[in-house]
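Each chain gets a letter, A, B and so on, in the order the sequences are listed, and its residues count up from 1. Treat the numbers as computed from the prediction; the structure is a model and nothing was measured.
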Amino acid sequence: MTRNLSFLLLAGALILIILSVGIFYAVRLWASAQTEWNALLKKLIVIDRDRVDRVALDAIWPSGQRRTDDLARELEPNEIWQLLGELDGVKRLESNSRVLVEMATYLQRSYPEAASVAEELRLHARELEWQVGRLGMAAEQGSLEFHIATYAQNVAIAYYLMEQRLQLLCQQTNVPNFRSV
Amino acid sequence: MNLSELDLLFWAMSFVANLVLLFVLLIRSRSRNFPLFTALITLNVARTIVLFVIRRHNAQSAYFYTFWTLAVVDMGMQFGIVYEVSSKVFRPMGKWVPDVKKISWKRVIVIVAITSLLTLIPRPPNDSRMQEIIVKSSFLSAALMSELFVGMLALSAVAGLTWTSHVARIAKGLTAYSIATLILETANTYLGLGGSGPVYDDLSRIRIGIYLCCVTYWIVALWRNAPPSRNMPDHIRKQATTISQAVKLRVDGLRRAGES
């Protein structure tokens with residue numbers, strides 16, 4: 001095969017990859033923009049929020065500030081893991097966080113004046129996704145037990161704070177709150 | 001350097017289209033939000049005038065160097081527009097989002113390296129070393145530009161960031177044009193400039209045709225105002241009051257529990 005033909009094939013493959021990735025994400029953005037509020041509500045998975053709150057409030061105050069009192073971070077890693085429903089439970093939180101990001105995007109589109117709260121919410125949801133990603137990697141590498149205390153609790157904190165921001169956003173924009181589901 | 005009637009028609013159409021777009025950018029005050037994009041369109045208008053004047057004086061060497069120098073400036077400005085667009089998408093509150101800081105630079109370097117290495121493979125039939133450098137660098141810049149726009153699209157979708165109407169329109173046009181350019185530059189790099197004059201000319205005409213479509217799209221999209229915010233239906237508003245009150249009670253309870 002000549003060098004020019006090799007180039008043509010490789011460049012063709014590059015163009016196909018660029019086109020595929022571009023179309024995939026363009027469709028994803030388009031679909032997200034078409035989704036209505038009620039459809040987003042239906043996407044949420046039921047979770048035991050009291051358990052998530054318990055893990056989060058073990059490390060932070062409801063205001064979001066880190067607890068420094070003697071009773072802070074009393075929960076053992078195993079307790080945290082059980083309360084969050086183990087890796088499946090954490091995955092459910094991650095799944096919900098993606099929906100909550102879409103909700104924030106929806107509200108941001110409809111009510112641009114609420115952009116700052118929506119952005120805070122998005123940041124918490126992304127933080128949660130990163131933490132879950134780290135947990136997933138730790139599980140794959142067999143070092144999950146060493147990371148539960150930090151990553152899993154951070155997941156709960158991120159989820160807790162994210163819900164608070166979305167609730168604030170819902171109050172500002174007078175739309176139904178996700179916690180009705 | 002004789003141009004056919006079709007070439008002159010394309011040339012005139014590009015000039016008029018760029019001029020109309022520049023008019024739209026200025027009259028609708030879009031230039032305030034997109035200064036670099038406006039500068040690029042201004043450059044395109046100026047380039048057409050300068051190259052036309054040089055061509056009338058039949059200064060082939062001056063035409064060649066002016067054409068390629070302005071092409072380099074054009075490419076630099078396109079990278080600037082990538083920054084302009086990304087600063088609007090990835091800086092929603094005037095601050096770069098952490099998603100940008102968490103970009104895997106190793107991955108970026110690998111992609112750029114692979115794309116660069118790709119240009120070392122072909123040996124296109126060119127008349128001079130300069131021609132080879134021109135076709136290969138044109139391919140490389142088109143590939144990098146396409147990768148940048150698609151990468152930006154992917155990152156924004158993953159990060160859940162919204163594209164405001166005009167930013168999305170400009171980015172959409174540039175992405176389509178850069179991918180089309182990449183396909184045409186692949187053909188140019190494969191065929192080379194040596195002895196393939198008619199093919200090169202045909203590909204250039206196709207590129208101008210695609211650019212004209214993009215400019216027409218921008219003229220219409222940037223003339224129109226961004227769509228107004230949607231209003232929430234009444235039934236959603238009614239649900240809201242009830243649910244918000246219930247949530248407020250629950251959060252107040254949590255707050256009291258945390259403070260006690």
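- Counting heavy atoms of neighbouring residues, nucleotides and ligands inside a 6.0 Å radius, atom CZ of B:Arg224 does not exceed 12 of them.
- If you measure heavy-atom distances from B:Ile183 to chain A, the contacts under 4.5 Å come from both the backbone and the side chain.
- For chain B, the nearby parts of A:Ile18 are the backbone and the side chain; heavy atoms of each come within less than 4.5 Å.
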Query raised in the report: Taking it one step at a time, do B:Tyr190 and A:Leu5 satisfy side chain to side chain contact (heavy atoms under 4.5 Å, CB included)?
Result: CA-CA 8 Å; B:Tyr190 176 69; A:Leu5 197 57; 4.2 Å; yes
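- Counting heavy-atom neighbours within 6.0 Å of A:Arg54 CZ, excluding the residue itself, gives a total of 12 or less.
- The line from CD1 of B:Ile121 to CG of A:Leu8 is 11.0 Å long, rounded to the nearest 0.5 Å.
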Could you list the donor-acceptor pairs under 3.5 angstrom formed by side chains in residues 75-85 of chain B, with sequence neighbours left out?
{"from": "B:Gln78", "atom 1": "NE2", "to": "B:Asp74", "atom 2": "OD1", "distance (Å)": "2.8"}
{"from": "B:Glu84", "atom 1": "OE1", "to": "B:Phe37", "atom 2": "N", "distance (Å)": "3.2"}
{"from": "B:Glu84", "atom 1": "OE2", "to": "B:Leu36", "atom 2": "N", "distance (Å)": "2.7"}

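- Put simply, the side chain of A:Arg3 never gets that close to the backbone of B:Pro122: no donor and acceptor are under 3.5 Å apart.
- Below 4.5 Å, heavy atoms of chain A meet heavy atoms from B:Ser146, B:Glu147, B:Val150, B:Leu153, B:Ala154, B:Ser156, B:Ala157, B:Val158, B:Ala159, all part of residues 146-159 of chain B.
- Between the OG1 atom of B:Thr119 and the CZ atom of A:Phe7 there is a distance of 8.0 Å, given to the nearest 0.5 Å.
- Taken from CG in A:Leu14 to OG1 in B:Thr115, the straight-line distance is 5.5 Å, to the nearest 0.5 Å.
- For chain A, the nearby parts of B:Leu161 are the backbone and the side chain; heavy atoms of each come within less than 4.5 Å.
- Across all non-hydrogen atoms, the minimal contact from A:Ala11 to B:Leu118 is CA-CD2, 4.1 Å.
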